[in-house]
Amino acid sequence: MFKQSGKSGKNTIRKLKLKNFALVKLPDSFKEDTWKTLLDAVKAIHAQKPVDTTLEILYQNVQRLCSQGAAQEVYEKLVSELSTHLRNISVNLVTHTTAEPRQFLSLLDSIWTSHCDHMILIRGIFLFMDRSYALPTAGIEPIWELGLSLLRTHVILNVLPTTSRALLQAIARERGGEQTNKSRLQRLVKMLIALDLYKGAYFEDALLSDTMDHFTLESKQNLESVEAAAYLMYAERRLAEEADRAATYFDIATQKSLLDIVERCIVTTHMDHVLRSGLCKLLIEERHDDLARMYILFKRVDGHGLLKDAFTVYVMERGKDIVLKPERDKFMVEDLLKLKKQLDEVVTRSFQSSTEFDSAIKTTFEDFINKRPNKPAEMIAKFFDAKLRTGYKECTEEVLEDLFDRTMVLFRFINGKDVFEAFYKNYLARRLLLQKSASDDAERTILSKLKHECGSGFTSKLEGMFKDMKLSADLTSSFRDTVQRDSIGSGIDLTVNVLTSSQWPTYTPVEMPLPSEISALQASFTEFYTSNHRNRKLTWETTLGHCLISGNFPKGAKDLQMSIYQGTALLLFNQSTSITAEEVQQKLKLSTDELARTLQSLACGKVRVLTKTPKGKEVSPTDTFEVNLKFENKHKRVKINQIQLKETQKEAEQTQEKVFEDRIFSVDAAIVRIMKSRITISHNDLISELFAQLKFPVKASDLKKRIESLMDREYLQRDEKDASKYVYMA
């Protein structure tokens with residue numbers, strides 16, 4: 001409505017009325033003439049000729065017909081014309097089904113492309129009818145869908161077997177390496193999808209079946225003709241090609257099914273064979289790229305569990321080969337470190353830093369390293385000893401720190417850490433007492449790492465050993481001042497290390513008579529020490545004592561650094577030029593083994609200050625020894641005390657026996673501790689708790705013996721009502 005102002009100044013309201021166009025009476029022949037125009041246009045499109053009438057006029061003609069209520073009639077006539085045209089095409093296409101597959105596909109592609117182009121133009125002409133009649137009316141197909149339906153019915157269904165077979169052959173040729181018309185294949189597969197002739201038995205089932213047959217045969221042939229690494233490369237390449245092919249040609253649902261089949265044929269079926277024939281070789285040769293390829297392929301088919309199992313077996317066999325061979329004990333730790341580093345690199349570079357594989361390495365290392373009780377712990381302690389004696393001489397601080405960290409990883413795997421502690425303490429004592437430690441910083445670094453790993457209780461005695469050495473240095477300095485003041489032991493410089501017996505290894509006492517000058521200094525030091533530290537008792541231990549003796553040889557004077565045993569034996573030759581082994585033993589009161597060790601080191605080693613008659617390494621009581629007057633050496637100071645650094649087999653056995661004794665006390669204490677807290681407990685529960693509390697490997701039979709021992713000593717007894725239970729006796 002609009003407002004209008006009149007002459008009087010008052011607003012007046014006028015109403016706007018809308019009226020329909022006046023109906024124009026059409027000629028009686030309008031429908032026939034108009035349809036003929038439309039039909040001519042459709043035929044021209046099918047014949048790929050120019051259309052005489054403009055699309056605008058054709059659109060208006062369809063609009064007028066629909067406005068006159070002729071939409072259904074026009075739709076039916078269009079269906080008839082399209083059907084006739086497609087039947088004619090079908091007749092021609094069927095005659096080419098026996099042609100070469102490439103020619104047939106080319107003709108079919110041309111028909112499909114032309115049909116789509118034609119239907120786009122035809123739908124544009126009949127768009128008004130499509131929107132006003134076809135789309136709103138139930139059971140009536142829109143024009144585009146109508147074109148697809150008629151093509152499906154009158155053309156494609158008649159040649160579908162030939163079409164499927166030709167397409168599969170084209171795909172097979174492409175898989176075989178031949179060049180194919182990719183865009184044509186893509187269009188024709190999409191045609192089947194658009195015509196609903198793709199799923200199931202129409203095409204997809206045959207595609208999947210052919211794919212399985214092709215890769216089953218091909219993978220088997222490749223597996224038999226190439227090594228594992230080459231097969232993995234083949235599998236990777238084929239899977240990538242099929243993934244690209246599936247994404248290019250096939251329906252998204254087919255892509256997964258097809259790739260599943262390819263993976264199953266190429267990877268899943270042959271995983272066992274690839275692992276048996278190739279994994280060990282790839283690991284030994286450190287072929288990280290091939291191992292990464294194997295991991296990725298196995299992971300995509302959920303086969304990483306199988307790979308992990310085979311990897312674990314490999315680690316176990318390599319580890320057992322290192323640990324269980326006594327002849328390789330000398331190289332055990334180096335070999336284990338090398339193996340661990342190699343495996344860590346495999347996990348990092350090839351297995352995507354998988355926590356599962358990393359955990360498998362740790363579990364397997366712990367398993368095989370404890371299959372030989374005590375020895376790995378001893379060798380790790382010995383390895384530390386060797387590195388601490390060289391220190392930073394052979395490598396930089398960073399390299400040594402990394403080596404210590406990697407060795408500590410091995411240390412974590414051993415169950416018998418008390419064995420390690422015992423041997424490490426022995427080696428530390430030798431380094432400290434013989435002044436063979438290359439770096440105090442490196443020593444402190446190891447102690448810090450052990451303390452962090454096992455707690456302060458584990459390292460308290462080791463730290464006490466360092467404290468004793470520092471206090472001994474101060475004590476020796478004070479004693480020297482006293483010696484100089486009192487003029488005792490002139491010409492002899494005595495260094496004494498006072499060790500707390502509970503913190504240091506125990507040594508078998510040896511009552512060996514020392515030279516009188518040294519004995520006098522010993523007595524003087526004892527008096528000096530006891531005067532300053534009452535209620536303490538000194539026990540002199542010469543096992544790891546060493547001395548520096550001046551030797552005047554015809555070819556030059558030398559300073560000989562050696563053990564107390566060696567030095568005392570050598571001083572005997574100041575009194576006699578020729579002495580038998582039996583006479584040395586009588587004067588020094590050494591055991592037969594220690595006597596042989598001492599004399600061999602002086603007369604049969606690299607540095608021979610004595611000569612032995614008869615020659616040979618074995619020492620018998622009647623062997624005669626003399627000063628080697630031909631002795632010469634380019635160094636002024638000559639070291640002969642290396643035998644003190646080497647632990648004998650007997651000493652190693654004694655260390656292990658000491659550990660076993662300590663373990664017995666630990667087991668007894670754990671049993672009593674558990675019984676005191678539980679009062680009554682069954683045998684199985686007591687054994688379980690003992691396994692949980694004890695930090696070293698122990699057998700159930702050994703635990704049972706300790707329980708019986710405590711019963712004999714009346715710490716516990718069996719329950720009178722239930723013999724499978726124990727009762728604590730307060």
Would you give me the side-chain donor-acceptor pairs under 3.5 Å for residues 499-506, sequence neighbours excluded?
unit_1 : atom_1 : unit_2 : atom_2 : d
Thr500 : OG1    : Asp468 : OD1    : 3.2
Thr500 : OG1    : Asp468 : OD2    : 3.1
Trp504 : NE1    : Asp468 : OD2    : 2.8

Within the 6.0 Å centroid threshold, strictly below: Phe420 and Phe423: no

Parallel, tilted or perpendicular: ring planes of Phe528 versus Phe479, cut at 30 and 60 degrees: tilted

Check: Glu286 main-chain N/O paired with Glu345 side-chain donor or acceptor under 3.5 Å: no

Short N-O contact, Glu378 and Lys375, less than 4.0 angstrom: yes

Between CG on residue Leu343 and OG on residue Ser350, distance to nearest 0.5 Å: 11.0 Å

Donor-acceptor contact below 3.5 Å, side chain Ser472 vs main chain Val498: yes

Ring centres under 6.0 angstrom apart (His683, Tyr726): yes

Within the 6.0 Å centroid threshold, strictly below: Tyr715 and Tyr728: no

Glu463: which of Arg444, Lys451, Lys470, Lys425 passes salt bridge (charged side-chain N to carboxylate O under 4.0 Å, His left out): Lys451

Face-on cation placement of Lys558 at Phe631 ring, 6.0 Å and 45° thresholds: no

Thr542 side chain vs Gly545 backbone, donor-acceptor pair below 3.5 Å: no

Shortest non-hydrogen contact from Gln522 toward Leu494: N-CD2, 4.4 Å

Trace of the side chain to side chain donor-acceptor pair (under 3.5 Å) decision for Asp481 with Ser478: CA-CA 5 Å; Asp481 293 339; Ser478 299; 5.5 Å; no

Ring-ring centroid check Phe411 Phe384, cutoff 6.0 Å: no

Phe365/Phe368 under ring pair (Phe, Tyr, Trp, His ring centres under 6.0 Å): CA gap, chis, key distance, verdict: CA-CA 5 Å; Phe365 259 74; Phe368 73 68; 4.8 Å; yes

Chi angles and distances behind the side chain to side chain donor-acceptor pair (under 3.5 Å) call for Arg318, Tyr314: CA-CA 6 Å; Arg318 285 289 305 275; Tyr314 168 82; 2.5 Å; yes

Cationic tip of Arg293 above Phe351 ring, under 6.0 Å, 45° of axis: no

Flag, side chain of Thr363 to backbone of Ser359, donor-acceptor distance under 3.5 Å: yes

Side chains of Ile564 and Met512 in contact at under 4.5 Å (non-hydrogen atoms): yes

Within 6.0 angstrom of Lys617 NZ, more than 12 heavy atoms from elsewhere: no

Backbone of Leu450 reached by a side-chain donor or acceptor of Thr459 within 3.5 Å: no

Atom NE2 of His533: over 12 foreign heavy atoms under 6.0 Å: yes

Residue Glu453 excluded, over 12 heavy atoms near CD under 6.0 Å: yes

